[in-house]
Protein chains: 2
Amino acid sequence: MIRLYHDWVPTKVDHEERRHQIAEAVVRIAASRGLQAASMREVAAEAGVSLRLVQYYFHTKQELLAWVLAYLGQQLGRRMTRAVAAQPASPRTFLYAALTALLPTDEESRRIVLAYAAHFTLTLTDPDQEPGLSYANALRDLVAERFGQARVNGDPSTKAAIALALVSGLQLSVLAGQHTGEEAVALLTSHLDEAFRTPGAA
Amino acid sequence: MIRLYHDWVPTKVDHEERRHQIAEAVVRIAASRGLQAASMREVAAEAGVSLRLVQYYFHTKQELLAWVLAYLGQQLGRRMTRAVAAQPASPRTFLYAALTALLPTDEESRRIVLAYAAHFTLTLTDPDQEPGLSYANALRDLVAERFGQARVNGDPSTKAAIALALVSGLQLSVLAGQHTGEEAVALLTSHLDEAFRTPGAA
DNA sequence: ACAGTCATGATACGGCTGTATCATGACTGG
DNA sequence: CCAGTCATGATACAGCCGTATCATGACTGT
């Protein structure tokens, strides 16, 4: 007889944690050898599990990659939140902390941003690229709000878009080895200094 | 008997033009379906030639991709040069024209920048990523020189690095559909306006 | 006219890919 | 204690990948 109401407690292993573990393996591979090297078998080996396990928790590769993308976004978000929480709530210090947190300054952030960049490039040509957009727009609005709270002249929304695009560019320049993380932070600071300087305007 | 001095005129077909034709096929594929879809067979089909031909002109896939990368850089350079040549030599108009030319504003530039981005991401994790760097540094020096010629306050080199990182970020934001090409141009203009505004400084 | 190289075609090969199938312990509720 | 689901392992399969090989016209300098 078929159980129509099986209220199953996952028991045994924590699926979320396993997925987390496998996703971390994907990130490590993507950051070291590139996302194109992240085959199902490689991921399984890197995570120390069998191929079947990866298939079990993520039925298809697309599903795995989507989960990894969400995982990366969440990691970046946590990073930003933590950096912001340690700062006073002044709009200027908030923006400095929040945007700096997005730069690849240490090994962990470098891995995250690198994997994110690889994934981002893939989504540019796949016909289902929207998901990252809402996140980006929310971030833009958040930054714009703070720019508005500060009394900068000019459109806060414009300033926010510029600052975020600059952060993206700085991320890439660090990943490419053109700047160090510290240099990128310095450049971002320089830009924010100029953006916040209100020159004799009315 | 072996000819030690065969001064062979390639005759028949122009190798350079064939390579150009095949490289264009790679760019089209990369821009529409992603660089990972650019297999040798797909490239051959897109270029309307046989697989053997692609192998003939580029012995290996690495060689093909390297050639495509150079081709893209050259295309971007030509684009910038042309835009600059049409402008008066004022440092400000020069920078506006040069940097705007790098943004994906029409279909051609969109294809080029998209393919370039895909290739760039690949080089981030491959152990031979330097080639693009010298080009980037040369560009940075060029922009810094113009910033120096204009009488902006602050370090010209810093301003140049910021402007170029901003351009990279704007490129990506357009490719991701976050901004239109026109919006990106407006944002870049806004930034340059602010960078060139010399506020009551000595 | 002939030998040699260029240019191109057809096809084969081993390897890796994502996914599916079969099997089997481990633990569950009834 | 037994039937069923969970969780995991081993392995198979079809397809595409990059590359290599064999073959063959077309044209060359001598």
Side-chain angles (χ1 to χ4, degrees), chain A residues 1-23 25-26 29-30 33-69 118-119 122 125-126 128, chain B residues 1-23 25-26 29-30 33-69 118-119 122 125-126 128:
Chain A
M1 178 170 290
I2 301 177
R3 297 257 293 293
L4 293 176
Y5 55 91
H6 55 132
D7 43 328
W8 191 238
V9 205
T11 49
K12 262 343 197 16
V13 300
D14 185 347
H15 282 212
E16 210 65 12
E17 183 169 324
R18 273 251 194 261
R19 277 191 252 261
H20 177 95
Q21 168 193 0
I22 297 177
V26 175
I29 294 178
R33 279 172 294 155
L35 198 51
Q36 77 279 12
S39 72
M40 297 290 267
R41 284 165 177 83
E42 283 294 326
V43 170
E46 174 75 30
V49 299
S50 75
L51 168 61
R52 182 68 178 81
L53 257 280
V54 181
Q55 284 189 273
Y56 186 71
Y57 289 107
F58 309 92
H59 304 313
T60 170
K61 189 179 184 181
Q62 270 202 6
E63 204 174 315
L64 168 61
L65 290 183
W67 211 93
V68 169
L69 180 60
H119 210 111
L122 277 197
T125 45
D126 282 9
D128 52 334
Chain B
M1 179 169 291
I2 301 177
R3 298 255 294 294
L4 294 176
Y5 55 90
H6 55 132
D7 43 327
W8 188 238
V9 205
T11 50
K12 263 344 201 12
V13 299
D14 185 348
H15 283 212
E16 210 64 11
E17 183 170 323
R18 274 250 194 262
R19 277 192 252 261
H20 177 96
Q21 168 192 1
I22 296 177
V26 175
I29 294 178
R33 280 173 294 155
L35 198 50
Q36 77 280 10
S39 72
M40 297 289 268
R41 285 166 176 82
E42 282 295 325
V43 170
E46 174 74 29
V49 300
S50 74
L51 169 61
R52 183 67 178 81
L53 258 280
V54 181
Q55 286 189 272
Y56 186 72
Y57 289 108
F58 309 92
H59 305 316
T60 170
K61 190 178 184 181
Q62 269 203 6
E63 204 174 315
L64 168 61
L65 291 183
W67 210 93
V68 169
L69 180 60
H119 210 111
L122 277 198
T125 45
D126 281 10
D128 53 333

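Letters go in sequence order (proteins before strands), and every chain restarts at 1.
Under the rule for a ring-ring contact (aromatic ring centres under 6.0 Å, His included), A/His59 has no partner lying at least two apart in sequence or in another chain. Residues forming a side chain to side chain contact (heavy atoms under 4.5 Å, CB included) with A/Glu17 (at least two apart in sequence, or on another chain): A/Asp14. With sequence neighbours left out, the side chain to side chain donor-acceptor pair (under 3.5 Å) criterion links A/Glu46 to A/Arg28.
Here the C1' atom of nucleotide C/dA7 and the CD1 atom of B/Ile22 are 12 Å apart, to the nearest Å. Regarding A/Glu63, its CD atom lies at a distance of 10 Å from the P atom of C/dT19, rounded to whole Å. Between B/Leu65 atom CG and D/dG18 atom C1' the separation is 12 Å, expressed in whole Å. Whole-Å rounding puts the A/Leu35 CG to C/dT17 C1' distance at 15 Å. As a whole-Å value, the separation of B/Glu42 CD from D/dC16 C1' is 10 Å. Straight-line distance from the CD atom of B/Gln36 to the C1' atom of C/dC16: 17 Å, rounded to whole Å. Look at CE on A/Met40: it is 7 Å from C1' on C/dG18, rounded to the nearest Å.
Heavy-atom neighbours of B/Glu63 CD from other residues, nucleotides or ligands within 6.0 Å: above the threshold of 12.
Checking the phosphate oxygens (OP1, OP2) of C/dC16, no side-chain nitrogen or oxygen of A/Ser39 falls inside 4.0 Å. Proximity of A/Tyr56 to the phosphate of D/dA7: a side-chain N or O atom is located under 4.0 Å from OP1 or OP2. Phosphate proximity of C/dT19 to A/Thr60: present, with a side-chain N or O under 4.0 Å from OP1 or OP2.
Side-chain atoms of B/Arg18 never come within 3.5 Å of backbone atoms of B/Tyr57 as a donor-acceptor pair (strictly under, hydrogens ignored).
Pairs of residues two or more places apart, or lying in two chains, that qualify as side-chain hydrogen bond (donor to acceptor under 3.5 Å, both in side chains) and include a residue from residues 36-45 of chain A are A/Arg33-A/Glu42.
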Can you name the atoms? Protein N/O to nucleotides 9-13 of chain D N/O, anything below 3.5 Å, with the distance.
from, atom 1, to, atom 2, distance (Å)
D/dG9, OP2, A/Ser50, OG, 2.5
D/dG9, O6, A/Arg52, NE, 3.1

What's the verdict on side-chain contact (heavy atoms from CB on, under 4.5 Å) for B/Thr60 and B/Gln55, showing C-alpha distance, side-chain angles and the deciding distance?
CA-CA 6 Å; B/Thr60 170; B/Gln55 286 189 272; over 6 Å; no
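For B/Lys61, the listed nucleotide lying nearest its side chain is D/dC17; candidates were D/dC17, D/dA7, C/dA7.
In plain terms, the two heavy atoms of B/Thr125 and A/Gly34 that are nearest each other are OG1-CA, 3.3 Å.
Helix-axis bend for the helix from C/dA1-D/dT30 to C/dG30-D/dC1: the local axis fitted to the five terminal pairs at one end deviates from that at the other end by 10°, rounded to 10°.
Annotation: side chain of A/Val26 is in contact with side chain of A/Leu35 (closest heavy-atom distance under 4.5 Å).
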